[in-house]
Amino acid sequence: MRIITWNINSVRLRIAQLERVANELRPDIIALQETKASDSDFPLLACKALGYDYISFSGEKSYNGVAILSKIPFNDQFCLNLYNQDKRHIAIRINDLEIHNFYVPAGGDIPDPELNSKFKHKLEFLEQMNKWFLENRKTSDKLVLVGDLNIAPYEHDVWSSRQLRHVVSHTDIERKTMLKLIDQFGWVDCARQFVPFDQKLYSWWSYRNLNWQQSNRGRRLDHIWVSESLSLSCTAFQIAGETRAWQQPSDHVPVILDLDYPLKAEVEVLQNKK
DNA sequence: ATGGTTGGCGCCCAA
């Protein structure tokens with residue numbers, strides 16, 4: 001099973017790019033963030049036409065919004081309301097596998113919760129995420145958590161850890177909070193299972209730098225985590241950096257995980273053999 | 001220290 005996560009930055013504007021992602025990367029599941037469409041405006045038929053018959057979405061006008069497109073039928077879907085009625089989470093369950101898609105608040109410009117309510121909300125959102133999983137799930141459950149988490153936790157998740165020390169997304173408090181989430185629940189950061197910690201790894205390049213390719217000042221803001229029970233099922237990890245060079249791109253690129261999880265048809269075959 | 005761009009919307013806001 002191939003799962004990708006992508007902050008598409010307007011699903012309506014980038015349907016053609018979504019089609020390209022679907023055709024070139026061939027994911028079974030696509031988790032989108034920043035769809036920027038209310039549910040009545042979500043391009044459901046266009047997404048189904050790409051081969052994703054099972055779609056779950058939660059959006060609002062102009063801001064935020066998340067969706068999960070699946071080729072595999074799911075048994076259940078739900079949204080957590082972690083902060084402010086923002087549409088920042090959606091989850092689906094396929095048999096015993098649960099996939100959570102998050103869009104963590106970016107947090108504004110000033111990394112001080114006293115001076116900047118957006119930064120305060122970002123930290124609170126992360127604490128609420130952590131609390132929900134600690135209270136409602138176990139790392140022995142089969143869980144995948146993906147999304148734009150808006151934090152680059154490790155030194156080589158940014159182009160210059162020193163120069164971004166006080167920049168929102170790489171401040172000490174954010175990095176510490178993210179590592180606490182990973183440690184306390186027992187998440188596995190799939191990217192760093194496959195790519196050593198001393199190698200630079202980015203999933204986002206700012207629109208503000210038109211020379212982004214040359215200067216390569218990226219950050220790894222988009223993540224795929226799995227619970228410990230799935231860590232041995234991860235077979236490959238990639239970041240589709242090439243999409244950032246497409247015409248009128250999203251500032252984020254798709255992050256890809258291949259998981260050795262039996263698809264429904266395969267499960268049925270297995271059951272018939274018994 | 002500052003500015004740079006994009007998307008959605010509606011005369012700016014969030015990223």
Side-chain angles (χ1 to χ4, degrees), chain A residues 5-21 31-44 46-47 57-67 82-89 101-113 115-126 146-153 157-160 162-171 173-175 178 202-223 241-255:
Chain A
T5 177
W6 188 25
N7 179 323
I8 193 169
N9 189 12
S10 173
V11 67
R12 288 176 292 174
L13 186 71
R14 268 180 268 280
I15 280 289
Q17 291 190 35
L18 185 61
E19 179 174 19
R20 232 182 128 176
V21 163
L32 298 173
Q33 303 87 36
E34 280 207 89
T35 53
K36 292 188 174 175
S38 58
D39 289 346
S40 56
D41 289 333
F42 189 87
L44 184 60
C47 290
F57 52 93
S58 172
E60 62 189 279
K61 192 181 173 184
S62 305
Y63 302 112
N64 312 320
V66 285
L82 294 180
Y83 148 69
N84 222 16
Q85 309 289 81
D86 283 0
K87 305 303 184 187
R88 295 182 180 275
H89 170 268
N101 177 16
F102 283 95
Y103 175 48
V104 171
D109 289 330
I110 304 162
D112 182 337
L115 298 175
N116 172 11
S117 62
K118 288 183 199 166
F119 193 72
K120 182 170 177 239
H121 290 144
K122 181 179 196 174
L123 298 177
E124 281 173 3
F125 188 95
L126 291 161
V146 306
D148 176 3
L149 307 185
N150 266 316
I151 296 175
D157 293 336
V158 296
W159 63 277
S160 167
R162 192 176 57 81
Q163 284 177 260
L164 292 177
R165 258 183 68 195
H166 304 296
V167 173
V168 171
S169 75
H170 194 64
T171 62
I173 178 73
E174 290 168 279
R175 297 171 68 182
M178 176 163 274
Y202 312 138
S203 66
W204 173 89
W205 292 262
S206 172
Y207 283 130
R208 294 180 193 180
N209 185 354
L210 292 174
N211 263 333
W212 68 274
Q213 223 159 2
Q214 207 174 2
S215 57
N216 197 24
R217 295 182 169 187
R219 303 179 204 170
R220 185 170 73 102
L221 303 179
D222 303 275
H223 298 267
E242 69 274 12
T243 70
R244 185 63 178 78
W246 290 355
Q247 282 290 314
Q248 199 176 31
S250 168
D251 45 354
H252 296 254
V253 301
V255 177

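Quick caveat: nothing in here was measured; it's all calculated off a predicted structure.
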**Q** Closer than 4.0 Å, any side-chain N/O of A:Arg14 to the OP1 or OP2 of B:dG7?
**A** yes
**Q** Can you list everything that forms a ring-ring contact (aromatic ring centres under 6.0 Å, His included) with A:Tyr83? Sequence neighbours excluded, please.
**A** A:His121
**Q** Can you tell me how far C1' of B:dC9 sits from CG of A:Leu13, to the nearest Å?
**A** 13 Å
**Q** With sequence neighbours excluded, tell me which residues meet salt bridge (charged side-chain N to carboxylate O under 4.0 Å, His left out) with A:Lys118.
**A** none
**Q** Report which part of the nucleic acid A:Asn9 touches: base, sugar-phosphate, or nothing (heavy-atom distance under 4.0 Å, all strands).
**A** sugar-phosphate
**Q** Please report the distance, rounded to the nearest Å, between CD in A:Gln163 and C1' in B:dT2.
**A** 14 Å
**Q** Output the rounded distance in Å from CG (A:Asn209) to P (B:dT6).
**A** 11 Å
**Q** Sequence neighbours excluded, which residues qualify as salt bridge (charged side-chain N to carboxylate O under 4.0 Å, His left out) partners of A:Asp251?
**A** none
**Q** Can you check whether A:Asn150's main-chain N or O pairs, donor with acceptor, with A:Arg219's side chain at less than 3.5 Å?
**A** no
**Q** For the pair made of CD in A:Glu60 and P in B:dG7, what is the distance, rounded to whole Å?
**A** 19 Å
**Q** With rounding to whole Å, what would you report as the distance between B:dA1 and B:dC11 at their P atoms?
**A** 35 Å
**Q** Could you check how far CD1 of A:Ile8 sits from P of B:dG7, rounded to whole Å?
**A** 12 Å
**Q** Below 3.5 Å between N/O atoms, which protein atoms pair up with nucleotides 12-15 of chain B? Just atom names and distances, please.
**A**
from   : atom 1 : to       : atom 2 : distance (Å)
B:dA15 : N6     : A:Arg208 : NH2    : 2.4
B:dA15 : N1     : A:Arg208 : NH2    : 3.0

**Q** Distance between the P atoms of B:dC9 and B:dT5, in whole angstroms?
**A** 22 Å
**Q** Whole Å only: how far is the NE2 atom of A:His166 from the C1' atom of B:dA1?
**A** 14 Å
**Q** Please measure how far the C1' atom in B:dA15 lies from the corresponding atom in B:dG3, and state the result in whole Å.
**A** 15 Å
**Q** Which residues pass the ring-ring contact (aromatic ring centres under 6.0 Å, His included) test with A:Tyr103, not counting sequence neighbours?
**A** none
**Q** On a whole-Å scale, what distance lies between the P atoms belonging to B:dC12 and B:dT2?
**A** 23 Å
**Q** Can you tell me if A:Ser38 and A:Asp41 form a side-chain donor-acceptor pair at under 3.5 Å?
**A** yes
**Q** Once ring-ring contact (aromatic ring centres under 6.0 Å, His included) is applied, do any residues pair with A:Phe42, and if so which ones, sequence neighbours excluded?
**A** A:Phe57
